[in-house]
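Just so it is clear, the values below take in all heavy atoms, side chains as well, and ignore hydrogens, waters and symmetry mates.
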Amino acid sequence: MKITQTKIAIVTGAGSGIGRAVSQELLGTGWSVALAGRRAEKLAETAAGHPEALVVRADVSRPEDVAALFAAVHDRFGRLDLLFNNAGTFGPGGVPVEELDYSAWRHVVDTNLNGAFLCAQAAYRQMKEQDPRGGRIINNGSISAHAPRPHSVAYTATKHALTGLTKSLSLDGRPYGIAVGQIDIGNAATDMTERMQRGVPQANGQLAAEPVMDVADVACTVRHMAELPLEANVQFATVLATAMPYVGRG
């Protein structure tokens, strides 16, 4: 087991999108990062040029994969300073609630909510026992943790639930120096949001193109939250494309 003074992070869903951007931001500013995700080849792309990165193939909805991920981090680095609970899926988009297959609902819940819980639970166990004790968890919520898009019942329900998870973890972490916060992101430019610039359904039934923001700005915000002393915490942060239809009536 290697003991290091470098800050150590786990980023789930690190193979693409926000997870990749945050991982590379941390790696580029002196962190060592365990990159977790289901696609090893995508994780390797994220890690390229960063020998301090640890690639661990893991499906966060599987308890055995989560246990193996945290064991690998402990064996390699000896401690954990940050968990960015980022892995998630939107599920089948545009499906009315009455037509949504239960297996699709279950997949979204298992990934977005159960996966976040399993990783947070494992992080708690390690952060409580390490010396010095404590650490930080940042959950990736969503604008959908506040307001839904049409035909997004599974995604929206899990992101609302994630807010409850964040609050409970934050309260329960106080005695152990574990700070827990949440970042709610709207329209960061990734493969997942590419369609927004072409037009997506609005609450009034129309299709409209929406502005997006550079995902690098999200990554900088996560790093700011991560690098605060444990005596300070950003409980909730909302980062969104300035002109997206969210505040007010659009």
Side-chain angles (χ1 to χ4, degrees), residues 1 3-14 18-19 22-23 25-26 29-34 36 58 60-61 63 66-67 69-74 76-88 109-146 157-185 218-239:
M1 181 178 68
I3 303 298
T4 178
Q5 297 303 310
T6 303
K7 291 289 188 178
I8 310 302
I10 293 175
V11 177
T12 65
I18 291 168
V22 169
S23 297
E25 174 71 18
L26 294 174
T29 53
W31 288 70
S32 291
V33 183
V60 298
S61 70
V66 172
L69 166 63
F70 280 80
V73 171
H74 186 268
R76 170 76 176 269
F77 300 114
R79 67 173 290 109
L80 176 64
D81 299 290
L82 171 69
L83 165 65
F84 181 42
N85 246 336
N86 168 72
V109 172
D110 281 345
T111 303
N112 295 5
L113 181 58
N114 295 342
F117 164 74
L118 289 170
C119 289
Q121 183 182 56
Y124 255 66
R125 289 169 175 163
Q126 182 160 340
M127 290 173 177
K128 282 177 64 177
E129 298 302 324
Q130 63 192 11
D131 184 21
R133 189 165 70 172
R136 189 179 304 275
I137 299 170
I138 300 173
N139 293 323
N140 185 351
S142 170
I143 293 297
S144 294
H146 303 267
T158 58
K159 292 304 184 177
H160 274 67
L162 202 63
T163 298
L165 182 69
T166 297
K167 291 178 179 180
S168 288
L169 291 172
S170 184
L171 179 61
D172 293 344
R174 287 178 182 176
Y176 312 109
I178 301 173
V180 185
Q182 180 171 315
I183 183 166
D184 296 328
I185 302 163
V218 175
C220 289
T221 304
V222 173
R223 180 166 69 87
H224 168 69
M225 296 169 69
E227 292 185 342
L228 288 171
L230 291 177
E231 294 76 19
N233 186 41
V234 176
Q235 188 68 70
F236 291 98
T238 302
V239 184

**Message:** Looking at every heavy atom in both D184 and G141, which two are closest together, and how far apart are they?
**Reply:** OD1-CA, 3.3 Å
**Asked** Are the side chain of D81 and the backbone of A9 linked by a donor-acceptor contact shorter than 3.5 Å?
**Response** no
**Request:** Not counting sequence neighbours, list each pair that qualifies as a side-chain hydrogen bond (donor to acceptor under 3.5 Å, both in side chains) and has a residue in residues 218-227.
**Result:** E25-R223, W31-E227, R223-E227
**Asked** Rounded to the nearest 0.5 Å, what separation is found between the CG atom of L80 and the NZ atom of K7?
**Response** 10.5 Å
**Item:** Donor-acceptor contact below 3.5 Å, side chain K159 vs main chain H146
**Value:** no
**Prompt:** Would you find a donor on one side and an acceptor on the other, under 3.5 Å apart, between the side chain of N86 and the backbone of T12?
**Reply:** yes
**Request:** Have a look at N140 and tell me which of V222, V22, I18 forms a side-chain contact (heavy atoms from CB on, under 4.5 Å) with it.
**Result:** I18
**Fill in**
Value for CG (L169) from CG (L171), rounded to nearest 0.5 Å, stands at 9.5 Å
**Fill in**
Sequence neighbours excluded, the answer for side chain to side chain donor-acceptor pair (under 3.5 Å) partners of N233 is R136
**Request:** Only counting residues at least two apart or in another chain, list the ones meeting side chain to side chain donor-acceptor pair (under 3.5 Å) with N139.
**Result:** N85, T166
**Request:** Under the side chain to side chain donor-acceptor pair (under 3.5 Å) rule, collect the residues that match up with T238, sequence neighbours excluded.
**Result:** none
**Request:** Using a 4.5 Å cut-off on heavy atoms from C-beta on, say whether the side chain of P63 contacts that of L118.
**Result:** yes
**Prompt:** How close do L230 and G134 get, heavy atom to heavy atom, and via which atoms?
**Reply:** CD1-C, 4.1 Å
**Under 3.5 Å: donor-acceptor pair, side chain of Y124, backbone of I178** = no
**Request:** Taking all non-hydrogen atoms of both residues into account, name the closest pair between A87 and V60 and its distance.
**Result:** CB-CG2, 4.0 Å
**Request:** Sort and list the pairs that fulfil side-chain hydrogen bond (donor to acceptor under 3.5 Å, both in side chains) and have at least one residue in residues 167-181, not counting sequence neighbours.
**Result:** S170-Q235
**Request:** Compare every heavy atom of Q182 with every heavy atom of M225, then report the nearest pair and how far apart it is.
**Result:** CE-O, 4.0 Å
**Prompt:** What pairs with A122 under side chain to side chain contact (heavy atoms under 4.5 Å, CB included), at least two apart in sequence or on another chain?
**Reply:** V66, F70
**Request:** Apply salt bridge (charged side-chain N to carboxylate O under 4.0 Å, His left out) to D110 and list each qualifying residue two or more places apart in sequence or on a separate chain.
**Result:** R106
**Prompt:** Do F77 and T6 touch side chain to side chain, with heavy atoms closer than 4.5 Å?
**Reply:** no
**T158: side chain to side chain donor-acceptor pair (under 3.5 Å) partners, not counting sequence neighbours** = N112
**Asked** Which side-chain hydrogen bond (donor to acceptor under 3.5 Å, both in side chains) pairs, counting each pair once, include a residue from residues 125-135, with sequence neighbours left out?
**Response** none
**Item:** Minimum-distance pair of heavy atoms, taken over all atoms of A116 and L165
**Value:** CB-CD2, 4.0 Å
